[in-house]
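For reference, the structure discussed in these notes is given below.
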Amino acid sequence: MTKKQDQVPEDRLELYRRAIATRQELELKGGLKLPHTSSNGTMFSSLTKDGRLGLRLSEEDREAFSKEYDAVQFKNYGANIKEHLEVPEELFQQPEELGRWLIRALEYVNTLPAKKK
């Protein structure tokens with residue numbers, strides 16, 4: 001059983017679920033401990049246990065996202081996560097718009113080689 005302190009905050013998880021539900025191509029994976037989205041074995045979004053959301057975007061999309069939302073590099077466990085930016089609060093509160101960015105992230109990871117099993 002997952003300990004409560006190992007789980008992401010329920011309110012943040014609910015916001016993440018709402019954004020994912022806006023697009024049929026998206027599926028929440030990972031349960032309560034590591035909620036994320038992935039395709040071909042590559043994560044393109046993940047929610048940390050302290051409720052921060054990171055998106056993996058192409059270089060072009062990272063530039064646009066940073067400019068629009070003044071976004072910062074996504075960090076998890078103190079490390080910068082390559083190609084990921086942190087979703088700011090204002091976007092987290094907009095499920096439709098966040099859903100569009102999740103699709104951009106999905107499209108990007110689908111251009112990458114699939115992970116071998």
Side-chain angles (χ1 to χ4, degrees):
M1 182 154 203
T2 304
K3 295 178 186 173
K4 194 73 164 165
Q5 69 267 21
D6 291 337
Q7 296 178 16
V8 299
E10 187 59 40
D11 61 328
R12 305 303 280 182
L13 182 56
E14 184 56 32
L15 290 170
Y16 190 33
R17 284 182 179 139
R18 285 184 196 165
I20 290 169
T22 66
R23 302 291 187 277
Q24 66 182 20
E25 306 96 302
L26 301 173
E27 177 186 357
L28 182 63
K29 301 177 183 180
L32 296 174
K33 196 166 185 179
L34 179 61
H36 68 278
T37 57
S38 64
S39 182
N40 295 325
T42 301
M43 278 197 278
F44 59 91
S45 73
S46 62
L47 189 62
T48 65
K49 69 179 181 178
D50 61 354
R52 292 176 300 106
L53 180 63
L55 284 179
R56 185 173 187 175
L57 298 166
S58 68
E59 184 175 357
E60 181 180 313
D61 282 344
R62 284 193 310 274
E63 288 176 19
F65 191 85
S66 291
K67 186 176 182 180
E68 185 169 347
Y69 295 104
D70 197 26
V72 297
Q73 174 76 45
F74 180 62
K75 292 183 180 189
N76 199 10
Y77 295 105
N80 288 334
I81 308 300
K82 181 181 176 185
E83 299 184 323
H84 286 69
L85 293 175
E86 188 169 326
V87 172
E89 186 62 33
E90 69 178 280
L91 180 56
F92 222 137
Q93 300 293 329
Q94 301 173 48
E96 285 288 332
E97 184 63 19
L98 180 51
R100 284 192 274 281
W101 282 105
L102 284 162
I103 291 297
R104 299 288 289 268
L106 170 63
E107 291 169 348
Y108 173 59
V109 298
N110 283 339
T111 68
L112 303 174
K115 297 265 179 153
K116 295 181 181 181
K117 293 183 179 183

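- In this structure, CE in Met43 is found 5.0 Å from CG in Leu34, a value given to the nearest 0.5 Å.
- How far CG of Leu98 is from CG of Leu26: 9.5 Å, rounded to the nearest 0.5 Å.
- One distance of note links CZ of Phe65 with CG of Asp70; it measures 11.0 Å at 0.5 Å rounding.
- Using a 4.5 Å cut-off on side-chain heavy atoms (C-beta onward), Leu102 and Leu55 make contact.
- Stacking of Arg56 on the aromatic ring of Tyr108 is not recorded, the 6.0 Å distance cut-off and the 45° axial limit not both being met.
- Side-chain heavy atoms closer than 4.5 Å link hydrophobic residues (I, L, V, M, F, W, Y) into clusters, and following such links, even through other members, never connects Ile20 to Phe74.
- For Glu90, the CD atom counts as densely surrounded, since its 6.0 Å shell holds more than 12 non-hydrogen atoms of other residues, nucleotides or ligands.
- Residues passing the side-chain hydrogen bond (donor to acceptor under 3.5 Å, both in side chains) test with Asn40 are Asn110, sequence neighbours excluded.
- Annotation for Asp11: atom CG counts as buried by contact number, over 12 foreign heavy atoms lying within 6.0 Å.
- Here OG1 of Thr48 is found 13.5 Å from NZ of Lys75. Values are rounded to the nearest 0.5 Å.
- Between Gly41 and Lys115, the shortest heavy-atom contact is O-CG, 3.3 Å.
- Residues Leu85 and Phe44 share a hydrophobic cluster, clusters being chains of Ile/Leu/Val/Met/Phe/Trp/Tyr side chains in contact below 4.5 Å.
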Verify salt bridge (Lys or Arg N to Asp or Glu O under 4.0 Å) between Lys67 and Glu63, making sure each step is shown before the conclusion. CA-CA 6 Å; Lys67 186 176 182 180; Glu63 288 176 19; over 6 Å; no
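- Both Val87 and Ile103 belong to a single network of hydrophobic side chains, linked directly or stepwise wherever heavy atoms of I, L, V, M, F, W or Y lie under 4.5 Å apart.
- Taking a 6.0 Å sphere around CD of Glu59, one finds it holds 12 or fewer heavy atoms contributed by other residues, nucleotides or ligands.
- Gln93 contributes atom CD, which lies 5.0 Å from atom CG of Leu15 (distance to the nearest 0.5 angstrom).
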Using the side chain to side chain contact (heavy atoms under 4.5 Å, CB included) rule, take Leu106 and Thr37 through it: C-alpha gap first, then chi angles, then the decisive distance, then the call. CA-CA 8 Å; Leu106 170 63; Thr37 57; over 6 Å; no
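- Heavy atoms only, all atoms of each residue included: Lys49 and Pro9 are closest at O-CD, 3.3 Å.
- Closest heavy-atom contact between Tyr69 and Trp101: CE1-NE1, 3.6 Å.
- Atom CG of residue Asp50 and atom CZ of residue Arg12 lie 9.0 Å apart, to the nearest 0.5 angstrom.
- Using a distance-only test at 3.5 Å, with no hydrogens or angles considered, a donor-acceptor pair links the side chain of Gln73 to the main chain of Ile81.
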Does the pair Arg23 and Glu96 meet the rule for a salt bridge (Lys or Arg N to Asp or Glu O under 4.0 Å), with working shown? CA-CA 9 Å; Arg23 302 291 187 277; Glu96 285 288 332; 3.4 Å; yes
